[in-house]
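Reviewing the structure listed below.
Atoms within a ligand are numbered from 1 in the order they appear, just like the ligands themselves. For the single chain, residues carry numbers from 1 onward in sequence order.
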Amino acid sequence: MSCRRKFLKRAGYTTVSALLATGFLQKYKQKEDYSTNADRENYASANVTSSLRQLAAAKGKRYGAAISSDFLLKEKDYANLIARECSIVTPNGELKWNATEPQPGQFTFESADAIADFCQKHNIDMHGHTLFWHMGKPDWLPYPPTLKMIEQHVKGVMGHYRNSKVLKSWDIANEIIADNEKETDNATYGLRKGLKPELIRDLFLIAASVDNSKKFYLNDFGIEGATWKSEHFLKMVEYLKNSGVKIDGAGIQSHLWFSTAYSFDEKGFNSVLERLNDLEVKPIITELDIIIDAPLPDSIEKLDQMVADSYKRYLDLCFAAKVDTVITWGLTDRHTWIRHPDWMPGKTFRDNPNLWKFLRPLPFDENFQPKPAHNAIAQAFEQAS
Ligand code: XIL
């Protein structure tokens with residue numbers, strides 16, 4: 001295991017970037033054919049007058065982003081942008097175990113409630129992320145937690161939002177499938193070491209006993225194609241369905257990594273979407289952002305065009321499969337998680353700060369101006385059937 005990955009693992013992070021650093025997600029890197037062709041949309045010039053929220057609503061869909069309570073309170077223009085563009089938001093960290101139950105049985109909701117109040121004021125849905133995850137957990141909590149710990153946590157946190165008019169859905173469990181066959185001791189479902197399918201089943205059952213009025217999702221990354229991980233994720237979804245638990249949706253995080261050097265598994269992604277729809281477990285895009293990796297284009301304009309093309313292509317596939325909720329992991333490059341050294345993908349960026357300006361995964365730039373990616377997302381909503 002690379003020293004980088006050991007560092008990140010020690011820090012409790014088995015993140016997208018750690019996997020990227022080990023090259024694990026290489027096979028998830030997707031390729032677009034960026035040979036310039038005249039008839040490809042030029043998103044830079046599109047003049048979009050409606051907000052993404054309005055364009056989504058016109059097709060009975062929702063668009064939103066992960067947001068942070070501290071920026072919401074500190075940056076007025078950030079708050080205005082969210083209110084204008086989003087019909088759903090996900091707290092970036094405010095509903096994770098370390099934020100809501102820092103000590104056993106002691107619950108805190110100030111930062112999450114600040115987001116809930118903002119949602120109430122602006123008629124925005126709130127997506128609860130997440131009740132169960134191997135990261136974002138307080139030091140006192142083992143992984144996996146005992147069923148007793150899970151029960152106390154779910155009762156405390158879901159109970160707090162049971163009567164909420166804005167919180168409509170939960171990532172009941174997040175990233176429970178291992179990164180690869182070496183990281184699991186469960187051949188059937190590929191669960192992270194120590195996890196048993198029955199524990200996840202019981203987690204969903206406890207959640208339903210506390211508040212079955214919300215939508216329940218199982219959320220993961222690296223399942224945007226025909227992969228070992230997506231195969232096992234689908235098996236776990238099937239197991240939950242067959243166990244009779246309430247599971248309404250599958251969160252496809254969609255932290256995508258495109259480049260001229262990798263192939264996008266369009267066929268595989270379509271089959272994941274189709275199999276979820278067949279299982280009557282709605283595919284939800286929960287954490288979409290798009291990184292372009294080496295070989296990098298020679299200008300920001302070209303990079304932005306590549307990002308825009310990738311958004312359009314990905315969302316066209318999603319909407320063809322009747323996806324009705326798209327959440328990007330952030331709205332503006334100013335606050336993207338992927339610019340944080342802990343999460344920065346791959347060797348390309350981490351060791352080359354002069355390349356960080358190429359990390360532009362979101363619809364709005366650092367100054368909250370719409371980018372070609374914004375126009376591409378707008379067009380995808382406009383063209384959705
Ligand atoms: C990330 C946040 O964006 C960071 O600010 C935080 O430091 C770590 O977690 N998949 C998930 C999200 O489900 O919760 C992660 O969010 C990104 C990867």
Self-check item: Proximal atoms of ligand 1 relative to E175 (non-hydrogen, under 4.0 Å)
Solution: 10 (N), 11 (C), 13 (O), 18 (C)
Quiz item: Does an N or O from Q253, backbone or side chain, lie closer than 3.5 Å to an N or O of ligand 1?
Solution: yes
Practice problem: Within a distance under 4.0 Å of any heavy atom of W343, pick out the atoms of ligand 1 and give their elements. | Solution: 6 (C), 7 (O), 8 (C)
Exercise. Tell me, with the steps shown, if R334 and D365 meet salt bridge (Lys or Arg N to Asp or Glu O under 4.0 Å).
Key: CA-CA 7 Å; R334 179 188 294 185; D365 70 14; over 6 Å; no
Exercise. Please could you name the atoms of ligand 1 that E287 approaches to less than 4.0 Å, counting only its heavy atoms?
Key: 10 (N), 11 (C), 12 (C), 13 (O), 17 (C), 18 (C)
Quiz item: In ligand 1, which numbered atoms sit nearer than 4.0 Å to a non-hydrogen atom of N174?
Solution: 11 (C), 13 (O)
Quiz item: So, does W329 sit close enough to ligand 1 that a heavy atom of it is under 4.0 Å from the ligand?
Solution: yes
Quiz item: Does the salt bridge (Lys or Arg N to Asp or Glu O under 4.0 Å) test come out yes or no for D304 and R360, once each step is laid out?
Solution: CA-CA 7 Å; D304 280 353; R360 295 168 61 85; 2.8 Å; yes
Quiz item: For N219 and ligand 1, does the shortest N/O to N/O distance drop below 3.5 Å?
Solution: no
Quiz item: Are the charged groups of K59 and D324 less than 4.0 angstrom apart, N to O?
Solution: no
Practice problem: Check whether any side-chain heavy atom of V326 lies under 4.5 Å from a side-chain heavy atom of L288, and answer yes or no. | Solution: yes
Quiz prompt | Mode of M135 contact toward ligand 1 - side chain, backbone, both, neither (heavy atoms, under 4.0 Å) | solution = neither
Quiz item: Quick one: are K165 and C119 in side-chain contact, heavy atoms under 4.5 Å?
Solution: no
Quiz item: Hey, is E366 close enough to R339 for a salt bridge, meaning N to O under 4.0 Å?
Solution: yes
Quiz item: What atoms of ligand 1 come within less than 4.0 Å of a heavy atom belonging to N92?
Solution: 2 (C), 3 (O), 4 (C), 5 (O)
Quiz item: Judged by non-hydrogen atoms, does H129 sit under 4.0 Å from ligand 1?
Solution: yes
Practice problem: For ligand 1, indicate whether the residue H340 contacts it via side chain, backbone, both or neither (heavy-atom separation under 4.0 Å). | Solution: neither
Quiz item: Taking the side chain as C-beta and beyond, is there a heavy-atom pair between D171 and H127 under 4.5 Å?
Solution: yes
Quiz prompt | Cluster overlap I88 with Y78, hydrophobic side-chain contacts below 4.5 Å | solution = no
Self-check item: Test item, H255 contacting ligand 1 (heavy atom, 4.0 angstrom)
Solution: yes
